[in-house]
Amino acid sequence: MTSSTSIDINLARREMVILGTQYAGEMKKGLFGVMHYLMPKRQILSLHSGCNMGKEGDVALFFGLSGTGKTTLSTDHNRYLIGDDEHCWSDHGVSNIEGGCYAKCIDLAREKEPDIWNAIKFGTVLENVVFEEHAREVDYTDKSVTENTRAAYPIEYIPNAKIPCVGPHPKNVILLACDAFGVLPPVSKLNLAQTMYHFISGYTALVAGTEDGIKEPTATFSACFGAAFIMLHPTKYAAMLAEKMQKHGATGWLVNTGWSGGSYGSGSRIKLAYTRKIIDAIHSGALLKAEYKKTEVFGLEIPTALEGVPSEILDPVNTWPDKKAHKDTLLKLGGLFRKNFEVFTNYKIGSDSNLTEEILAAGPNF
């Protein structure tokens, strides 16, 4: 073995053995892996996504890797929370796999995340946190054990949770990316092939450490926004997603919660208030009525105006002072997407394999 930790699943015997760790995430994600195997066999799609529902019954799915805002954006006071992480989409609609939430609680503050703060009460399990033994007061800023401190609590502890955690078919499928290169638009409307391309890619960018004072963003790709958990080939889940979106008339969106006006270090992170306005406009249907134009390289449809969001930030090129640097960075990111996608090009999807060509054509073009 290469590690002191081992998580082993025997699907035939329905057994999971966890060795060398006491982290509840292993149980949670181990079972999620099992669902990724069992559910597609029943024509049910398993999803690594957040999910919420509006007062009118409109459901949205939120996909995104760590740090993209999946938990923050799916927890919305004006909407019911179906779940923040693991779901199934069947012929009857969506359902949450878990009976609760597993929230990060590093630097947790009542002002910033009141719902999570209030959910930490008797019955909640806290993990890796440091507390004062006599007063039993937790110091959420203490990361001496690990930065990955967690709170696991029943979903009923969230005031606007939808109980039972089920909902009708989604209207919107939102793919979140924190683009530290600063070239993806704050919001793009995707066609079906583009949705599949970006779903299979599962992109976000991490901000790397310092080298001679220069910080370089690093692109990360995780197929289906959950490569560690999927059991079948990523194209299997993507084809199921496309089929369900087509059947139920769902719209795909790519939302960048990362940088604008330059890459990390020169630009600035898109304000959460603007991202919330974008998400609200997706939920309300207002964004479907907007006027659109196409971007270079990625060929994304972007709105020309959106209430509550400055028009100039909607097209990233406007916010970059150095237009050549913007173009170079855009081509660089396009190249990284292409390189990552090379491993998927041999898989034929669709009855006549045309779908593979369509998905490829939906990627960066230069």
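In summary, the aromatic rings of F337 and F298 are positioned with their centroids under 6.0 Å apart. Ring centroids of F229 and H48 are separated by less than 6.0 Å, placing the two rings close together. For Y140 and W117, the ring centers are positioned less than 6.0 Å apart.
No side-chain donor-acceptor contact under 3.5 Å links N256 to the backbone of C178. Between the E127 side chain and the Y23 main chain, no donor and acceptor come within less than 3.5 Å of each other. Side chain of S201 to main chain of Y197: a donor-acceptor pair is present (N/O by atom type, distance under 3.5 Å, no hydrogens or angles).
Side-chain N/O atoms of E301 and S188 include no donor and acceptor closer than 3.5 Å. Checked by atom type, the side-chain pair N148/T146 shows no donor-acceptor distance below 3.5 Å. Checking H92 against S90 by side-chain atom types alone, no donor-acceptor pair falls below 3.5 Å.
For the side-chain hydrogen bond (donor to acceptor under 3.5 Å, both in side chains) test with Y203, the passing option among D179, T68, T220 is D179; the others fail. With D85 as reference, K28 is the one residue of K28, K104, R150 to meet the salt bridge (Lys or Arg N to Asp or Glu O under 4.0 Å) rule.
Inter-residue side-chain proximity for S263 and T329 is flagged as met; some heavy-atom pair is nearer than 4.5 Å. In this structure, L331 and F366 have side chains that are in contact, with non-hydrogen atoms separated by less than 4.5 Å.
For F221, the CZ atom sits in a packed shell: over 12 heavy atoms of surrounding residues, nucleotides or ligands are nearer than 6.0 Å. No more than 12 heavy atoms of other residues, nucleotides or ligands shown are found within 6.0 angstrom of CD on E137.
At least one cation-pi condition fails for K70 and F63: the charged atom is not both under 6.0 angstrom from the six-membered ring centre and inside a 45 degree cone around its axis. Annotation: cation-pi geometry not satisfied between K332 and F181 (NZ/CZ under 6.0 angstrom from ring centroid, within 45° of ring axis). With Y264 as the aromatic partner, R269 does not meet the cation-pi criteria of under 6.0 angstrom to the ring centre and within 45 degrees of the ring axis.
K327 has a carboxylate O that lies under 4.0 Å from a charged side-chain N of E296, or vice versa, which qualifies the two as a salt bridge. A salt bridge links D315 to K293: at least one charged side-chain nitrogen sits closer than 4.0 Å to a carboxylate oxygen. A salt bridge links K324 with D328; the closest basic N to acidic carboxylate O contact falls under 4.0 Å. For the pair R79 and D280, the salt-bridge criterion is not met [side-chain N within less than 4.0 Å of a carboxylate O].
L184 and I313 sit in two unconnected hydrophobic clusters of ILVMFWY residues. Membership requires side-chain heavy atoms under 4.5 Å apart, directly or through other members.
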